[in-house]
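These notes are about the structure you will find just below.
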Amino acid sequence: MVMANGSGLAFDARSTTKVGFLLLDHFTMIALASSIEPLRMANQLSAEELYSWSLISEDGKSVTASDGLSLAPDMSIENSAEFDLIIVAGGIDITRTFTAKQVSWLTKQSRKGVQLGGICTGAYVLAYAGLLNGYQCSVHWECLTALQETFPKVNCNNKLFSIDKDRMTSSGGSAPMDMFLNMMTKQHGPKLSNAISDMFICDRIRNESDQQRMPMRQFSNVGVCTPKLVDVIELMENNLEEPIELDELATFVDVSRRQIERMFHRHLDCSPSRFYLRLRLERARKLLKQSNMSIVEISMACGFISTPHFSRCYRKHIGVSPRDERKTAWKGEVPDLAVNAESGDAIVYIPHAHDALSHSHTEPSYGSVVV
């Protein structure tokens, strides 16, 4: 193989790069499409087969995406072809949508020297297999907390994507496109990747320094928040295990305590302490739903002085106890959704959409973003 970049993936730029996508149940379609379409366009614009791609499932049977649509794979893991790169396509409910057989197969591929990657939440599976220890890793922000706490040997970050030696991992949505375009730049130069970007009406190719759009950034929209308040919120988000006192926060951002209190009341209609508590409880909720950490460990990881104190705060603000939250999350029961089938109704429910909505209610991240 010829190194495409001294610190990145190793591919032979003179031959077809073979990419396999391992589809997990409930993978996100947009992340998969954002990965494959740049490969297709690279071939089209170059008039060469620079890339080939195949869809893989555990048993060779169709896999259902998070939107309810099913894709027929090209092969199973048992009769899979030889690949230069294998990408794990994850999606919702990642802690419960992969199997020991898939993990074993990925481990064998790594031993063979195949380069590995993950899109959306696919990095979680690689981390579970121990294949990201010591590597930089990007994953969808909803999964970031669980991955950080569960796999401390993985160097998690909040970047759109990471290309580290023989691993490439990306967050969700359109970020995989940026990851693959950066990979192509290293293989075939910027002329091709820029042309692909133009074809897809992308104003620019984002790089590894670009960060994900975390929930707190909704407050920085024009007219909604101030830069100083955003700075305080970022400090809070980065210090959940050991909360910072309000006076210290004021010192860090060079404003007075009273100014911070006024900003929170004006823009967020709550006190700084209540907002800080909300962030810690949101983190706790993710860990309860997405990890097998004990409640004692979660209370410590979220900065509570004791487990009883954590439980009281959780019940008061979330409405259920941490123990009941975990039971509900792992029970996997789908609530009945009323479907109005009376004649003359203007609303028509499409089965795929209805199934996807039903399933979402038991997904660990359900309700984490309020709109």
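- A salt bridge does not link Glu149 with Lys286: none of the charged nitrogens is closer than 4.0 Å to a carboxylate oxygen.
- Here the two rings, on His267 and Phe275, have centers that are 6.0 Å apart or farther.
- The closest side-chain heavy-atom distance from Asp166 to Tyr135 is below 4.5 Å.
- With sequence neighbours excluded, no residue forms a ring pair (Phe, Tyr, Trp, His ring centres under 6.0 Å) with Phe21.
- A salt bridge between Asp93 and Arg96 is present, with a side-chain N of the basic residue lying under 4.0 Å from a carboxylate O of the acidic one.
- Under the 4.5 Å side-chain criterion, counting only non-hydrogen atoms from C-beta, Leu287 is not in contact with Glu297.
- Residues Tyr276 and Ile244 have side chains in contact (heavy-atom distance under 4.5 Å, counting atoms from C-beta outward).
- Scanning for ring pair (Phe, Tyr, Trp, His ring centres under 6.0 Å) contacts around Tyr314 gives Phe310, with sequence neighbours left out.
- Here Arg278 does not pair with Glu282 in a salt bridge; the nearest charged N to carboxylate O distance is not below 4.0 Å.
- Scanning for side chain to side chain donor-acceptor pair (under 3.5 Å) contacts around Arg312 gives an empty result, with sequence neighbours left out.
- Applying the side chain to side chain donor-acceptor pair (under 3.5 Å) criterion to Thr150, with sequence neighbours excluded, gives no partner residue.
- Residues satisfying the ring pair (Phe, Tyr, Trp, His ring centres under 6.0 Å) criterion with His265, sequence neighbours excluded, are absent altogether.
- Partners of Ser273 under the side-chain contact (heavy atoms from CB on, under 4.5 Å) rule, at least two apart in sequence or in another chain, are Ser271.
- When the side chain to side chain donor-acceptor pair (under 3.5 Å) test is applied to Glu48, no partner is found at least two apart in sequence or on another chain.
- A side chain to side chain donor-acceptor pair (under 3.5 Å) check over residues 193-202, counting only residues at least two apart or in different chains, returns the pairs Thr185-Ser193.
- In this structure Ser76 satisfies the side chain to side chain donor-acceptor pair (under 3.5 Å) test together with Asn79, sequence neighbours excluded.
- A ring-centre distance under 6.0 Å is found for Tyr124 and Phe151.
- Looking only at side-chain heavy atoms (C-beta outward), Gln290 and Ile94 stay at 4.5 Å or farther from each other.
- For the pair Glu242 and Asn239, the minimum side-chain heavy-atom distance is 4.5 Å or more.
- For the pair Glu82 and Lys112, the salt-bridge criterion is met [side-chain N within less than 4.0 Å of a carboxylate O].
- Residues passing the side-chain contact (heavy atoms from CB on, under 4.5 Å) test with Ser57 are Asp59, Val63, Pro73, sequence neighbours excluded.
- Side-chain contact between Arg326 and Ser291: present, with at least one pair of heavy atoms (C-beta onward) separated by less than 4.5 Å.
- No single ILVMFWY cluster, assembled from side-chain heavy atoms under 4.5 Å apart, contains both Ile30 and Val88.
- Inter-residue side-chain proximity for Asn133 and Val154 is flagged as met; some heavy-atom pair is nearer than 4.5 Å.
- Other members of the cluster containing Met300 are Val296, with ILVMFWY side chains joined at under 4.5 Å, either directly or via other members.
- Not one N or O on the side chain of Ser104 forms a donor-acceptor pair closer than 3.5 Å with the backbone of Lys101.
- Not counting sequence neighbours, the partners of Phe98 by the ring pair (Phe, Tyr, Trp, His ring centres under 6.0 Å) test are Tyr128.
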